[in-house]
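In this text, all values refer to a predicted model and were calculated from it rather than measured experimentally.
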Amino acid sequence: MLKYKNKDKMIFYSFWMTILIVVYHLAPHLIELSDFYRGGYLRPFFETFGPIALNYFFAVSAYKFYVSEKSCGDKLKKRLTTLMVPYMAWNTIYISLYILQNGLPNIRTIILGYTLTPFDGPLWYIFVLYIFMAIFSICMSWWPRLSKKLEWLIIILTFVAAVLHHAVIYSLISFPYDWWIERTLRMAPPFLYGVYCSKHKSIEFGRHGVAIPGIISMICLLSSTILGDNVITTLLLYLCTLSLWNVLPDFTLKADSIIKNDMFIVYSIHEGIIIVMLAVLNKGNVHFGKYSSLIFVILLETVLIVTIGFCLNLIIRRLPTVVNIIFTGGRNEYHNKEKKQY
C-alpha cells in the first residue's frame, strides 16, 4: 500500500484523512438540525468518512513504526513522547469541557477519561494504537515466524471484526464495553496490513493502472452509503481504504504547500470546537431547510476548524520546545524536514 520513499503521499493523505474525520464528527450533528435527518443517503454518506480515515491512520502508523530499523523498544519509547504525552495533555484540557457539560467527574470517569473513553473523544485511537504497537512488538519477538503468516491473520480478523461490528451495533450480543472491544478489533486488520506492507514489496501500478483502484474506491464508497451499516459495509470500507492509496501516482509536494502543515492539532481540537459551535446553533434555534445551506455550513465550519488548528499550531511552534512536546509530541520540530527513519 505504501512506499517508504514517497513520504509526500503519506503527508497528502494524512491531511485529507484528518479533514474526513472533522466532517465525520461535524456533519451528522448539523444534519439533525435540518429537514433531512430522516431517511435519505446524506448522513450515511458522511458516516463512511470516519472508518475510511481511521483505517488509513492505523495502517500508515503501523507501516511507519515497523519500516524503521530501530529496535522496537526505542520506537516505543519515542512514541511515548509523540503519542502518549499529547494524549494526556489534551485529555487534561478537555476535562474542563466535561465539567461544563456534566459536572465534576468521579474517579471511575477520570480513569476511563484517560483510557477507554477519553475526554477528548477522537483521541481514543492513540491509546489503542500504542497498545497495538506494544502487543504486536512483543508477539513478533516471541514468535518471529508470525510475520510470515500475516496474510491469513489479516483475512481472518477482517471477517471476525466485520461480524462482531454487525452483532454489536444491532444488539445481537452484549457485554461490558462491547462497543470499545468492537471498535478496537475493527482497527486490527488495517494495522496489521500496515505491518505487512512494511515487510513486503509494495504492489506497483502503471500510469494508467491507478484507474482500477480509483473505480473500486468509488464503488465501495457508494455501495456503503446505500447499504447502511452492516457486515458488508465494513468489508467494503476496508477495501475502499486499501484501494484509495493506489489512486495517486508518486508526486512531490512543494516545500511551502499548506498540506505540509501537521494536522495533529486540528485533530485534537476539532471535537471541542464542534461542541461549542453546536451549542451556539442550538441556542439560536438554527434550522437548515435547504441542502445548499446545510452543505455550505458544513464546509464553512470545516474550514474554520482547520484554520483555528493551523493558527494554534503556528503559535505552538513559536513557544518553547517543552510546550511543543506537550501538545504535539514534538511534531513541529520536524516540520518540513526529511528524516532517514521514522
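- Scored by the side-chain contact (heavy atoms from CB on, under 4.5 Å) test, Leu299 finds Ile295 as partners (sequence neighbours excluded).
- How far CG of Leu281 is from CD1 of Ile274: 11.5 Å, rounded to the nearest 0.5 Å.
- Atom CD1 of Ile107 sits in a sparse spot, with 12 or fewer heavy atoms from other residues, nucleotides or ligands closer than 6.0 Å.
- Taking OG of Ser68 as the reference point, atom CG of Asp74 lies at 9.0 Å (rounded to 0.5 Å).
- Under a 4.5 Å side-chain heavy-atom cut-off, the cluster of Ile, Leu, Val, Met, Phe, Trp and Tyr residues that includes Leu227 is completed by Ile232, Leu236.
- In this structure, Ile265 CD1 and Asn313 CG are separated by 5.5 Å, a value rounded to the nearest 0.5 Å.
- Listed by first then second residue, pairs satisfying ring-ring contact (aromatic ring centres under 6.0 Å, His included) with a partner in residues 66-87 read Tyr66-Phe136, not counting sequence neighbours.
- Not counting sequence neighbours, the partners of Tyr98 by the ring pair (Phe, Tyr, Trp, His ring centres under 6.0 Å) test are Phe119.
- Checked against salt bridge (Lys or Arg N to Asp or Glu O under 4.0 Å), Arg43 has the following partners two or more places apart in sequence or in another chain: Glu32, Glu47.
- Nearest heavy atoms, Phe191 versus Ala62: O-CB, 3.1 Å.
- Applying the ring-ring contact (aromatic ring centres under 6.0 Å, His included) test to pairs two or more places apart or on separate chains, those with a residue in residues 277-317 are Phe36-Tyr291.
- Residues that satisfy the side-chain contact (heavy atoms from CB on, under 4.5 Å) test with Ile273, not counting sequence neighbours, are Ile269, Met277, Ile305, Ile308.
- Contact detail for Thr241 and Leu237: the closest heavy-atom pair is OG1-O, 2.9 Å.
- Residues satisfying the side-chain contact (heavy atoms from CB on, under 4.5 Å) test with Pro44, not counting sequence neighbours, are Thr225.
- With sequence neighbours excluded, no residue satisfies ring pair (Phe, Tyr, Trp, His ring centres under 6.0 Å) with Tyr238.
- Atoms SG and NZ, from Cys72 and Lys77 in turn, are 12.5 Å apart once rounded to the nearest 0.5 Å.
- To the nearest 0.5 Å, atoms CZ (Phe327) and CD1 (Ile316) are separated by 6.5 Å.
- Under the ring pair (Phe, Tyr, Trp, His ring centres under 6.0 Å) criterion, Phe175 pairs with no residue, sequence neighbours left out.
- In the hydrophobic clustering of this structure, Trp180 groups with Leu164; members are Ile, Leu, Val, Met, Phe, Trp, Tyr whose side-chain heavy atoms approach within less than 4.5 Å, directly or through other members.
- In this pair, Tyr177 and Trp179 present their aromatic rings perpendicular. The plane angle is above 60°, beyond the 30 to 60° band.
- Inter-residue side-chain proximity for Tyr130 and Met84 is flagged as met; some heavy-atom pair is nearer than 4.5 Å.
- With sequence neighbours excluded, the residues satisfying side-chain contact (heavy atoms from CB on, under 4.5 Å) with Ala134 are Leu76.
- Hydrophobic cluster membership differs between Leu314 and Val323, with clusters built from Ile, Leu, Val, Met, Phe, Trp and Tyr side chains linked at under 4.5 angstrom.
- Every residue was checked against the salt bridge (Lys or Arg N to Asp or Glu O under 4.0 Å) condition with Glu151, not counting sequence neighbours, and none meets it.
- Aromatic ring centres of Phe264 and Tyr267 lie farther apart than the 6.0 Å criterion allows.
- Proximity of Leu26 to Phe46: side-chain heavy atoms (C-beta onward) are nowhere separated by under 4.5 Å.
- Taking every heavy atom of both residues into account, Asn324 and Arg331 meet most closely at OD1-N, 4.2 Å.
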